[in-house]
Amino acid sequence: MARPALNTLATKDEFVRLCASGRLKDALRRPFRGVLWSDAARLFSHLFRACRALRPLRQLHAFAATSGAATDRFTANHLMLAYADLGDLTVARDLFDRISRRNVMSWNILFGGYIKNGDLGSARKLFEEMPERNVATWNAMVAGLTNLGFNEESLGFFLEMRREGMHPDEFGLGSVFRCCAGLRDVVSGRQVHAYVVRSGLDRDMCVGSSLAHMYMRCGCLQEGEAVLRMLPSLSIVSCNTIIAGRTQNGDSEGALEYFCMMRGIGVAADVVTFVSAISSCSDLAALAQGQQIHGQAIKAGVDKFVPVMTCLVHMYSRCGCLSDSERVFFGYCGSDTFLLSAMISAYGFHGHGQKAIELFKQMLNGRAEPSDVTFLALLYACSHSGLKEEGMDCFELMTKTYGLQPSVKHYTCVVDLLGRSGCLDEAEALILSMPVTPDGVIWKTLLSACKTQKNFDMAERIAKRVIELDPHDSASYVLLSNIRATSRRWGDVSEVRKAMREKNVRKEPGVSWVELKGQIHQFCTGDESHPRQKEIDECLKEMMAKIRQCGYSPNMGMVLHDMEDEEKEVSLSHHSEKLAIAFAFLSLPEGVPIRVMKNLRVCDDCHAAIKFMSQVTGREIVVRDVSRFHHFKDGRCSCRDYW
DNA sequence: ATAGGGTTAG
């Protein structure tokens, strides 16, 4: 673009445009030739706002001072605003003190400066001292407290504002809903909603989006969508709210549908849109769609934005493409905690504990400040790679050196870490002594460890506790019956089933991890609500047909687990999982070895099934040392009794 | 006549 000749006289509009586009020098060189001095204050205000750093602002400040404009209240207010935005509250305060006849604006600007910079103490003090407060003052207080995470206080100020007879306007209501969303307080949210409707502000785009977001955050997806449908038009924010809301409420497929619809009607996606859309691809492990959206992000020029990169790292990891996560990550040399944590998490997810630790060491060497999120990713990585010492060191570093308060999730990783390395008692002692309330997950983690360590007595004890904690959680019963089955106490297994029947607990469909074509897919067998269920069902149907064609019974198949060692374990499980695995076998790429490991209970039927799989896939399936583990009960394979 | 206060995401 050709620059205008700078020796010509500027119109005010041109001047404002130059300031807004950050071309401060050009702007400065032009207007003071022949522009009326009465306009100087207004022109300065544009200049101040255009400053992106303190240095040019100080230069301008000095210039304004020599020309006498800085004593003007209007100019001083603007100067103060510019300093406050750049975080220099000392100068802002100094300017404020020098203003002889301050107006509400002067007070509001300094107040806003304190609160935006997180100096709540000075903000409160100023708030008390203010001779006059208006709606903007209160709005700033409510928004500021919400931003700083003081949601209860924020809501309290909003109520006080109403008591003082102040009428909240469209500028402040957005923050109130944001604060209700943070508190998951749909009751207060609804009350404010009623006020919004009464005051006719419910058609404001900004109020509407935040209101809808509040409902969605509180789990009321339909109510949120209804609010957005009532708005006079679509904005990028309201579209983003729908996509994020659907993703967070478990409707990732719906989120992607909406994303595609946006393209169709020509609403341009922004960074937030891409972040949410890519997140929903992670949930669905939808690689193809994720790649496509990645491509769109490149086209839109937002693929190098840190939050987008973070989501991409996560998405590729969840889809089994660790090398693509790395490709995205290695294009970045900055120091964002979220992004680095996402890569650590990806390494952990894929069992590369050492690589996770190496990356963490980069953080310790000053690349980025580790947070609770980082430590969670790292602890997970250690527990899933069997790195007990490293994991415990990391936990100590987190609590002692960084003084971070571990959540129950952190403790669960440590319990997993201890449990997998055989320290069951230590793990139990940790749960009993930790300062946070243990949840079902942490006990179930310990129960799982009991199973792997074959400590059946402890397992019985923990299982009792877990079932007492939530008598309707089928997972605990399943785990217990698995444990009893492992020790071949079939009578006790039937007892668990009986207990489930009595308490009317329905077994949830099992969740399986399967590697397909180099990607990892998670799916719930027989779970109709699972987003990939349709696809899985189709493959299963195809598989069933083939099985029948060959004259075999359809409930033969196997489950493929990710194992600690390089090989894949094939174990027998219940009907639907067997079929899922049959599907997995069919889809495994050439060259991936299929080995049936020796610690299996395999009967003749199962041998036949393996043979059959080999026929269908045209691949060799190596069966190793199965003879020792034949296990029959009443002349039938135990797998028949298994659920 | 101007300025101050607002929504969505990792």
Side-chain angles (χ1 to χ4, degrees), chain A residues 12 16 38-39 41-46 48-49 72-82 84-85 102-113 115-116 130 132-147 161 166 168-179 181 201 204-214 216-217 224 227-228 231 235-248 255 269-280 282 302 305-315 336-343 345 371 373:
Chain A
K12 277 185 222 162
V16 170
S38 58
D39 278 342
R42 203 170 86 86
L43 297 180
F44 266 125
S45 76
H46 288 286
F48 296 150
R49 183 169 263 189
D72 171 60
R73 182 178 65 196
F74 178 72
T75 313
N77 280 351
H78 270 284
L79 250 182
M80 224 169 41
L81 181 63
D85 281 348
R102 299 173 194 129
N103 57 4
V104 201
M105 208 69 75
S106 320
W107 286 89
N108 279 354
I109 288 170
L110 186 63
F111 173 70
I115 212 152
K116 268 182 277 183
M130 280 174 132
E132 185 193 344
R133 302 183 194 111
N134 60 12
V135 190
T137 323
W138 286 94
N139 285 345
M141 188 56 134
V142 173
L145 287 169
T146 306
N147 280 340
M161 170 182 184
M166 203 63 85
D169 60 6
E170 66 271 33
F171 290 99
L173 288 161
S175 338
V176 182
F177 289 128
R178 206 152 85 85
C179 128
L201 294 168
D204 180 89
M205 293 305 291
C206 192
V207 173
S209 299
S210 56
L211 174 60
H213 174 247
M214 184 276 297
M216 288 169 165
R217 256 299 151 92
V227 168
L228 291 173
L231 292 177
S235 74
I236 185 64
V237 175
S238 62
C239 290
N240 290 345
T241 307
I242 288 214
I243 296 178
R246 288 185 181 178
T247 309
Q248 287 159 4
D270 68 359
V271 183
V272 180
T273 325
F274 280 110
V275 166
S276 306
I278 296 167
S279 294
S280 42
S282 311
V302 297
F305 279 71
V306 178
V308 174
M309 291 174 92
T310 310
C311 288
L312 285 170
V313 166
H314 187 236
M315 186 271 291
D336 188 84
T337 302
F338 272 103
L339 181 46
L340 266 77
S341 304
M343 195 61 228
S345 167
S371 73
V373 182

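Lettering follows sequence order; numbering is per chain, from 1. Everything numeric here is computed off the predicted structure, so don't read it as measured data.
Side-chain proximity of A/Gln248 to B/dG6, B/dT7, B/dA9: nearest is B/dA9. Residue A/Val271 has its side chain nearest to B/dA9 when only B/dG6, B/dA9, B/dT8 are considered. Distance from the side chain of A/Thr241 is smallest to B/dT8 among B/dT7, B/dG6, B/dT8. Distance from the side chain of A/Phe74 is smallest to B/dA3 among B/dA9, B/dA3, B/dG6. Closest to the side chain of A/Asp169, from the set B/dG5, B/dA3, B/dT7, is B/dG5. With B/dG5, B/dG6, B/dA3 as the choices, the nucleotide that has an atom nearest any side-chain atom of A/Cys206 turns out to be B/dG6. Distance from the side chain of A/Pro307 is smallest for B/dA9 among the nucleotides B/dG5, B/dT8, B/dA9.
One distance of note links CG of A/Asp336 with CE of A/Met343; it measures 14.5 Å at 0.5 Å rounding. Note that the CZ atom of A/Arg73 and the OG atom of A/Ser106 stand 6.0 Å from one another [nearest 0.5 Å]. Distance CD1/A/Ile115 to CG/A/Asn108: 11.0 Å, rounded to 0.5 Å.
Across all strands shown, A/Val308 has no heavy atoms under 4.0 Å from either base or sugar-phosphate atoms. A/Asp336 comes within contact range of at least one nucleobase, with a heavy-atom separation under 4.0 Å. Across all strands shown, A/Val135 has heavy atoms under 4.0 Å from base atoms, whether or not it also approaches the sugar-phosphate. Nucleic acid contact for A/Arg73: none, since no nucleic acid atom lies under 4.0 Å from a heavy atom of the residue. Note on A/Leu81: only backbone sugar-phosphate atoms sit closer than 4.0 angstrom, heavy atoms only; bases stay farther off. The residue A/Ser210 sits close only to the backbone: its heavy atoms come under 4.0 Å of sugar-phosphate atoms, none of a base. At a threshold of 4.0 angstrom between heavy atoms, the contacts of A/Val306 include nucleobase atoms, whether or not backbone atoms are also involved. Residue-level contact check: A/Ala136 touches the bases, meaning some heavy atom is under 4.0 Å from a base atom.
Atom CD1 of A/Ile242 and atom C1' of B/dA9 are 16 Å apart (whole Å). In this structure, the CE atom of A/Met214 is 16 Å from the C1' atom of B/dG6, given to the nearest Å. A/Asp72 places its CG atom 16 Å from the P atom of B/dT2, with the value rounded to the nearest Å. Atom CZ in A/Arg49 sits roughly 8 Å away from atom C1' in B/dA3 (whole-Å rounding). Per the geometry, CE belonging to A/Met130 stands 12 Å off P belonging to B/dG5, to the nearest Å. The CG atom of A/Asp270 sits 8 Å away from the C1' atom of B/dT8 (whole-angstrom rounding). The CE-C1' distance, from A/Met205 to B/dG6, rounds to 13 Å in whole Å. When rounded to the nearest whole Å, the span between CD1 of A/Ile109 and C1' of B/dA3 equals 6 Å.
Summarising the geometry of A/Ala342 relative to A/Thr310, their closest heavy-atom pair is CB-CG2, 3.7 Å, with the distance given to 0.1 Å.
In this structure, the side chains of A/Met205 and A/Val237 stay at 4.5 Å or more apart for every pair of heavy atoms.
With sequence neighbours left out, A/Phe171 forms a side-chain contact (heavy atoms from CB on, under 4.5 Å) with A/Asn139, A/Asp169. Take A/Ala143 and apply the side-chain contact (heavy atoms from CB on, under 4.5 Å) test, not counting sequence neighbours, and it matches A/Ser175.
Residue A/Arg217 has a polar side-chain atom (N or O) positioned under 4.0 Å from OP1 or OP2 of B/dA9. Within the 4.0 Å cut-off from OP1 or OP2 of B/dT8, at least one side-chain nitrogen or oxygen of A/His213 is found.
Both stacking criteria are satisfied for A/Phe171 over the base of B/dG5: a centre-to-centre distance under 5.5 angstrom and an angle between ring planes under 30 degrees.
Scanning atom types as modelled, one donor and one acceptor separated by under 3.5 angstrom connect the side chain of A/Asp204 and the base of B/dG6.
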